[in-house]
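As the structure is a prediction and not an experimental result, all values here were calculated from the model.
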Amino acid sequence: AFPAGQWATGARVCEVVPLWRSDLAASSLAPSTRQLYTAAARLYVQPAVGDLRLGELTPALLDRARAQVRLRHGPQPARAARRALSNLCAYAVRHGALRHNPVRDTRPIPCPHHQVRALTTAEARDLQTRLHCDTTACRLELPDLVKFMLGTGVRIGEAAAVRHAVLDLATDTVLINATVIRVPGVGLQIQPRTKTPASHRLLTLPRPVVTTI
């Protein structure tokens, strides 16, 4: 027997998920990553292995569970489930409930990569023309947002997170150091960090973009 509500090798996955979420909330992970892990645990991890005890989690068993998640939901959810469960097991190791993280010994999940294609000049012009002719788009200032994205190549969340503090019109530069995320139950918020460390960057603004600011 083991104390209820505590990390233990004999605890079921569904029993330690609330403990893991508490640790996760206090971690340094980005809010969007915490949301991804929490959702993946609820949607995929708990239905697949929630009734199993931590000590029963083996690489072979987890590979089979992962295959079922991929079959039912696709490769991206399977990858999200693997990352969430790996994070949970890492906390179990830190709390002494596991000796090692079994997810690390599972097979990686291949995921097809879709080829990214930039808009042609004609396509970009057509998009901007259509936006300028749409009253709702103009009211929401979408033409300026799209022009900024086309001129800088930033993600939509990064563009939406641009504030006066990161703009330097004396040098025509913008510091990309944040992104907009959706927090369940709260709404859109600015996350004070980019998606990856490499995304934190200083960009020179093209003249057509400067004139819209």
Side-chain angles (χ1 to χ4, degrees), residues 20-43 76-77 79-84 86-88 90-91 94 111 113-213:
W20 166 68
R21 284 203 303 260
S22 296
D23 284 335
L24 196 63
S27 73
S28 60
L29 291 175
S32 57
T33 301
R34 297 199 297 267
Q35 293 170 32
L36 173 65
Y37 286 1
T38 300
R42 175 174 55 84
L43 295 172
Q76 289 291 6
R79 292 182 70 184
R82 184 179 188 273
R83 291 170 61 188
S86 180
N87 189 270
L88 185 151
Y91 276 105
R94 294 171 197 158
C111 193
H113 293 281
H114 301 288
Q115 184 176 4
V116 177
R117 182 183 70 83
L119 294 177
T120 65
T121 301
E123 290 171 336
R125 287 174 178 168
D126 180 63
L127 173 60
Q128 291 178 297
T129 299
R130 290 173 182 270
L131 288 173
H132 279 289
C133 293
D134 188 297
T135 55
T136 301
C138 291
R139 178 172 56 82
L140 297 174
E141 300 181 348
L142 292 183
D144 288 346
L145 177 65
V146 170
K147 179 179 284 190
F148 186 90
M149 293 174 63
L150 290 172
T152 59
V154 300
R155 301 178 176 93
I156 187 169
E158 295 170 340
V162 170
R163 294 90 64 211
H164 288 294
V166 299
L167 286 168
D168 186 347
L169 298 184
T171 59
D172 291 346
T173 58
V174 59
L175 178 63
I176 303 300
N177 65 355
T179 189
V180 169
I181 61 171
R182 184 178 296 279
V183 179
V186 178
L188 297 177
Q189 289 189 344
I190 292 180
Q191 174 180 284
R193 68 174 78 178
T194 51
K195 184 176 180 180
T196 65
S199 299
H200 188 286
R201 58 210 188 275
L202 183 69
L203 301 177
T204 299
L205 296 172
R207 178 51 52 182
V209 172
V210 174
T211 59
T212 65
I213 297 175

Establish, yes or no, whether the cationic atom of Arg94 lies under 6.0 Å from the six-membered ring centre of Tyr91 and within 45° of the ring axis.
-> yes
Hey, could you give me each pair passing salt bridge (Lys or Arg N to Asp or Glu O under 4.0 Å) that has a residue in residues 144-158? Not counting sequence neighbours.
-> Arg155-Glu158, Glu158-Arg201
The criterion is side chain to side chain contact (heavy atoms under 4.5 Å, CB included); which residues satisfy it with [X], sequence neighbours excluded?
{"X": "Leu188", "value": "Val180, Arg182"}
{"X": "Ala159", "value": "Leu145, Phe148, Met149, Val154"}
{"X": "Ser32", "value": "Ala30, Ile181, Gln191"}
{"X": "Asp168", "value": "Ala170, Thr171, Thr173"}

Quick one: are Asn177 and Arg163 in side-chain contact, heavy atoms under 4.5 Å?
-> yes
State, yes or no, whether a side-chain contact exists between Pro31 and Arg34 at a heavy-atom distance under 4.5 Å.
-> yes
CD/Glu141: more than 12 non-hydrogen atoms of other groups inside 6.0 Å = no
CD1/Ile156: more than 12 non-hydrogen atoms of other groups inside 6.0 Å | no
Separation of [Y] [atom2] from [X] [atom1] (nearest 0.5 Å):
{"X": "Asp134", "Y": "Arg139", "atom1": "CG", "atom2": "CZ", "result": "9.5 Å"}
{"X": "Leu24", "Y": "Gln35", "atom1": "CG", "atom2": "CD", "result": "10.5 Å"}
{"X": "Thr121", "Y": "Asp126", "atom1": "OG1", "atom2": "CG", "result": "12.5 Å"}

Minimal heavy-atom distance between Thr38 and Trp20, with the atoms involved, is N-CH2, 4.2 Å
Ala84 to Ala40 - nearest heavy-atom pair and separation = CB-CB, 4.0 Å
Counting N and O atoms only, with roles assigned by atom type, does the side chain of Thr129 sit under 3.5 Å from a partner on the main chain of Arg125, one being a donor and the other an acceptor?
-> yes
Candidate pair Thr194 and Thr179, rule side chain to side chain contact (heavy atoms under 4.5 Å, CB included), full reasoning = CA-CA 6 Å; Thr194 51; Thr179 189; 5.7 Å; no
List, one per line, each side-chain donor-acceptor pair under 3.5 Å for residues 204-213, sequence neighbours excluded.
| from | atom 1 | to | atom 2 | distance (Å) |
| --- | --- | --- | --- | --- |
| Arg207 | NH2 | Asp172 | OD2 | 2.8 |
| Thr211 | OG1 | Pro208 | O | 2.8 |
| Thr212 | OG1 | Val209 | O | 2.7 |

